[in-house]
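Below is one structure, written out as structure tokens; comments come after it.
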Amino acid sequence: QVQLVESGGGSVQAGGSLRLSCALSGRTFGGVIMAWFRQAPGRERELVAAQRWTGGYEHYADSVKGRFTISRDNAKDTGYLQMSSLKPEDTAVYYCAVDLSSFYINLSITSYEYWGRGTQVTVSS
């Protein structure tokens with residue numbers, strides 16, 4: 001009942017910035033949690049940032065605190081991840097995901113019922 005499409009990935013030099021977008025379509029519920037995950041080659045998929053769609057509640061991985069900002073435009077049904085001061089270790093495929101079952105943010109990937117196809121982010125030195 002929910003479809004997600006990521007965009008905005010690309011290649012950037014270390015220290016640069018990118019903004020990822022996640023367009024949501026289909027029926028969503030009031031307590032929906034929207035999150036960004038990433039997966040680098042040979043590594044586990046990890047939570048980067050998450051937010052309650054109604055606002056006022058966010059979570060960030062320690063590795064991105066102070067550099068990444070999660071936000072949304074409810075009228076456009078679109079979530080965003082603003083990434084600044086990018087580092088080579090940020091290189092990964094970034095995925096948008098939605099959890100329709102939780103009011104509070106869950107850190108486990110198994111809690112998220114719907115996923116986008118991902119967008120590649122490459123940061124070079």
Side-chain angles (χ1 to χ4, degrees):
Q1 65 181 307
V2 177
Q3 295 177 327
L4 310 174
V5 180
E6 304 98 335
S7 62
S11 298
V12 65
Q13 294 279 357
S17 300
L18 286 173
R19 189 181 75 161
L20 305 183
S21 298
C22 176
L24 282 64
S25 63
R27 185 178 179 182
T28 59
F29 298 94
V32 62
I33 302 297
M34 179 263 167
W36 291 94
F37 289 79
R38 68 185 181 187
Q39 187 166 23
R43 292 187 175 274
E44 301 282 344
R45 190 170 298 186
E46 63 177 353
L47 181 70
V48 176
Q51 66 187 332
R52 187 180 292 153
W53 194 248
T54 53
Y57 180 39
E58 304 87 31
H59 171 82
Y60 296 94
D62 289 342
S63 59
V64 307
K65 286 181 179 178
R67 300 189 298 118
F68 290 12
T69 302
I70 191 168
S71 63
R72 81 241 137 240
D73 186 332
N74 298 80
K76 296 181 179 180
D77 291 328
T78 302
Y80 303 96
L81 184 68
Q82 176 64 238
M83 306 184 295
S84 300
S85 301
L86 283 162
K87 305 174 181 179
E89 53 261 44
D90 294 319
T91 295
V93 177
Y94 284 71
Y95 299 89
C96 180
V98 166
D99 178 2
L100 299 181
S101 303
S102 301
F103 182 73
Y104 297 102
I105 293 171
N106 196 306
L107 304 182
S108 174
I109 64 171
T110 61
S111 295
Y112 294 84
E113 297 95 339
Y114 298 95
W115 294 80
R117 294 184 177 91
T119 185
Q120 176 71 48
V121 172
T122 302
V123 185
S124 62
S125 300

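These numbers were taken from a predicted model, which means no experiment stands behind them.
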Assigning hydrophobic clusters by single linkage (Ile, Leu, Val, Met, Phe, Trp, Tyr; side-chain heavy-atom cutoff under 4.5 Å), is [X] placed with [Y]?
| X | Y | value |
| --- | --- | --- |
| V121 | Y80 | no |
| V98 | V5 | no |
| L4 | L100 | yes |

What's the shortest heavy-atom distance between [X] and [Y], and which atoms?
| X | Y | result |
| --- | --- | --- |
| L81 | A49 | CD1-CB, 4.1 Å |
| S17 | S85 | OG-N, 4.3 Å |
| S125 | A14 | CA-CB, 4.4 Å |

- Task: Please answer whether the main-chain N or O of G8 pairs with a side-chain N or O of R19 as donor and acceptor at a distance below 3.5 Å.
- Result: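 No: the side chain of R19 does not pair with the backbone of G8.
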- Residues which pass salt bridge (charged side-chain N to carboxylate O under 4.0 Å, His left out) with D62, listed by chain and number, not counting sequence neighbours: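 D62: salt bridge (charged side-chain N to carboxylate O under 4.0 Å, His left out) contacts with K65.
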- Item | Heavy-atom side-chain proximity of V2 to V32 below 4.5 angstrom |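 A side-chain contact under 4.5 Å is absent here.
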- Looking at side-chain heavy atoms only, is the closest gap between L47 and H59 below 4.5 Å?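 Yes, side chains in contact.
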- Query: Tell me, which pairs form a disulfide (SG to SG under 2.5 Å) where one or both residues lie in residues 83-125, sequence neighbours left out?
  - Reply: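 Non-adjacent pairs meeting disulfide (SG to SG under 2.5 Å): C22-C96.
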- Which is it for L20 and M83 under the side-chain contact (heavy atoms from CB on, under 4.5 Å) test, yes or no, and what are the steps along the way? CA-CA 8 Å; L20 305 183; M83 306 184 295; 3.8 Å; yes
- Message: Taking salt bridge (Lys or Arg N to Asp or Glu O under 4.0 Å) as the cut-off, I'd like each qualifying pair that reaches into residues 70-89, sequence neighbours left out, listed once.
- Response: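 Found none.
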- Item | From CD (E58) to OG (S71), nearest 0.5 Å |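 If I round to the nearest 0.5 Å, the distance is 9.5 Å.
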- Hey, could you give me the OH/CG distance between Y104 and D99, rounded to the nearest 0.5 Å?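 Those atoms lie 14.0 Å apart.
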- Item | Partners meeting side chain to side chain donor-acceptor pair (under 3.5 Å) with Q13 (sequence neighbours left out) |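 Residues passing side chain to side chain donor-acceptor pair (under 3.5 Å) with Q13: S124.
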- For S7, all residues meeting side chain to side chain donor-acceptor pair (under 3.5 Å), sequence neighbours excluded: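 Per chain and number, S7 pairs via side chain to side chain donor-acceptor pair (under 3.5 Å) with no residue.
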Distance-only criterion, 3.5 Å: show the donor-acceptor pairs between side-chain atoms of residues 33-42 and protein atoms not counting sequence neighbours.
{"from": "R38", "atom 1": "NE", "to": "E46", "atom 2": "OE2", "distance (Å)": "2.8"}
{"from": "R38", "atom 1": "NH1", "to": "D90", "atom 2": "OD1", "distance (Å)": "2.9"}
{"from": "R38", "atom 1": "NH1", "to": "Y94", "atom 2": "OH", "distance (Å)": "2.9"}
{"from": "R38", "atom 1": "NH2", "to": "E46", "atom 2": "OE2", "distance (Å)": "3.4"}
{"from": "R38", "atom 1": "NH2", "to": "S63", "atom 2": "OG", "distance (Å)": "3.4"}
{"from": "Q39", "atom 1": "OE1", "to": "R45", "atom 2": "NE", "distance (Å)": "3.2"}
{"from": "Q39", "atom 1": "OE1", "to": "R45", "atom 2": "NH2", "distance (Å)": "3.2"}
{"from": "Q39", "atom 1": "NE2", "to": "R43", "atom 2": "O", "distance (Å)": "3.2"}

- Task: Kindly state each residue pair satisfying side chain to side chain donor-acceptor pair (under 3.5 Å) with at least one member in residues 109-120, sequence neighbours excluded.
- Result: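 For residues 109-120, and leaving out neighbouring residues, the side chain to side chain donor-acceptor pair (under 3.5 Å) pairs sorted by first residue read S101-E113, N106-S111, S108-T110, Q120-T122.
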- Item | Partner set under side-chain contact (heavy atoms from CB on, under 4.5 Å) for T69, not counting sequence neighbours |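 So T69 forms a side-chain contact (heavy atoms from CB on, under 4.5 Å) with Y60, Q82.
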